[in-house]
Amino acid sequence: MWPIVPNVVKKNMENNSFLKLVHLRQSVRKYTSKPVEPEKLQRCLEAARLAPSASNSQPWKFIVVNDPDLVKKVAKETIGPLSTFNKFVPEAPVIVAIVIEKMKVLTKLGSSIQDREYPLIDIGIAAEHFCLQASEEGLGTCMLGWFNEKPIKELLKIPKDRRIGLLITLGYAPDDYHLRQKIRKKPEETISFNSYK
């Protein structure tokens, strides 16, 4: 039996700014041409920089792409086959590439022993910190996992022995871009207590 009544969660959300922020954050797939203020961008980057990571390894480098010509070139490499998805990316004034950096020796050893990709977990946490701060700033984001890595690495002068984990678009959504209802599985389908059941 699910011990937390969803209505109680909703009621508590009214007084909980973090839960409000979580509900506010969504993948934005339409942007205006309004530039992102440097101070807002800096706060998003700082939120990501302060994210936790395995053994404090911080296996990331954030490359901010805000030169309009370079944004267009990077964006072109994110558009899927037959332009079926990511066609909104060229509208974004900023794209942030999260490069996976080498782990500390201890973290690498633990990752190998435990058979867990700690850097992927770490950049996921950092990316969400970035996106939540962006929502706090009134900005929209979308995390991109589909992109042509090799040409983007060449465009951004990323060393051959590094991988791009994620790209994030950043910018202002149009005023009429509505907050979508979050479609998620029911709590009892995704959460259990004390055993898998």
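Bear in mind the structure is a predicted one, so any value in this text is a computation, not a measurement.
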Under the side-chain contact (heavy atoms from CB on, under 4.5 Å) test, which residues partner S27, sequence neighbours left out?
R25, R29, C142, R180

Can you list everything that forms a side-chain contact (heavy atoms from CB on, under 4.5 Å) with A75? Sequence neighbours excluded, please.
V89, P90, I95

Cluster overlap L132 with V94, hydrophobic side-chain contacts below 4.5 Å
no

Flag if over 12 foreign heavy atoms under 6.0 Å of CD, E39:
yes

Side chain to side chain, P93 and K34, heavy atoms closer than 4.5 Å
no

Under 3.5 Å, which donor-acceptor pairs link side chains of residues 151-158 to any protein atom two or more places apart or in another chain?
residue	atom	partner	partner atom	Å
K153	NZ	K160	O	3.0
K153	NZ	R162	O	2.5

Sequence-distant partners of E37, salt bridge (Lys or Arg N to Asp or Glu O under 4.0 Å), two or more places apart
none

Minimal heavy-atom distance between G140 and V28, with the atoms involved, is CA-CG2, 3.6 Å

What's the separation between atom CD1 in I121 and atom OG in S53, rounded to the nearest 0.5 Å?
11.0 Å

Report yes if some heavy atom in the side chain of L45 is under 4.5 Å from a heavy atom in the side chain of V64; otherwise report no.
yes

Can you measure from CD1 (I79) to CG (L144) and round to the nearest 0.5 angstrom?
10.5 Å

Tell me, which pairs form a side-chain hydrogen bond (donor to acceptor under 3.5 Å, both in side chains) where one or both residues lie in residues 117-136, sequence neighbours left out?
Q133-E137

When hydrophobic residues are tied together by side-chain contacts of less than 4.5 Å, even through go-betweens, does L24 share a cluster with Y31?
no

With clusters defined by side-chain heavy atoms of hydrophobic residues (ILVMFWY) lying less than 4.5 Å apart, directly or transitively, does L70 cluster with F88?
yes

Taking salt bridge (Lys or Arg N to Asp or Glu O under 4.0 Å) as the definition, give me every residue that meets it alongside D69, ordered by chain and number, with sequence neighbours left out.
none

Which residue pairs pass the side-chain hydrogen bond (donor to acceptor under 3.5 Å, both in side chains) test with at least one member in residues 57-67, sequence neighbours excluded?
N56-Q58

If every non-hydrogen atom of P119 is compared with every non-hydrogen atom of P59, which pair is closest and at what distance?
CA-CG, 3.9 Å

Quick check on the hydrophobic clustering: are F147 and V71 connected, directly or via other members, by side-chain heavy-atom contacts under 4.5 Å?
yes

Please identify each residue that fulfils side-chain contact (heavy atoms from CB on, under 4.5 Å) with E189, with sequence neighbours left out.
K185, K186

Cluster link I98 to L139, ILVMFWY, side chain under 4.5 Å
yes

Taking only residues at least two apart or on different chains, which pairs with a member in residues 139-151 satisfy side-chain hydrogen bond (donor to acceptor under 3.5 Å, both in side chains)?
E77-N148, E149-R163

Any salt bridge between R43 and E46, counting N to O under 4.0 Å?
no

Here the ring-ring contact (aromatic ring centres under 6.0 Å, His included) pairs for residues 154-188, sequence neighbours left out, are none

Which heavy-atom pair separates L170 from A134 by the least distance, and what is that distance?
CD1-CB, 3.8 Å

Is it the case that over 12 heavy atoms from other parts of the model lie below 6.0 angstrom from the NZ atom of K40?
yes

So which atom in I125 and which in P52 form the shortest heavy-atom distance, rounded to 0.1 Å?
CG2-CD, 3.7 Å

Set of side-chain contact (heavy atoms from CB on, under 4.5 Å) partners for K87, sequence neighbours left out
none

Sequence-distant partners of K102, salt bridge (Lys or Arg N to Asp or Glu O under 4.0 Å), two or more places apart
D161

Using side-chain heavy atoms (C-beta onward) and a distance below 4.5 Å, is I100 in contact with I123?
yes

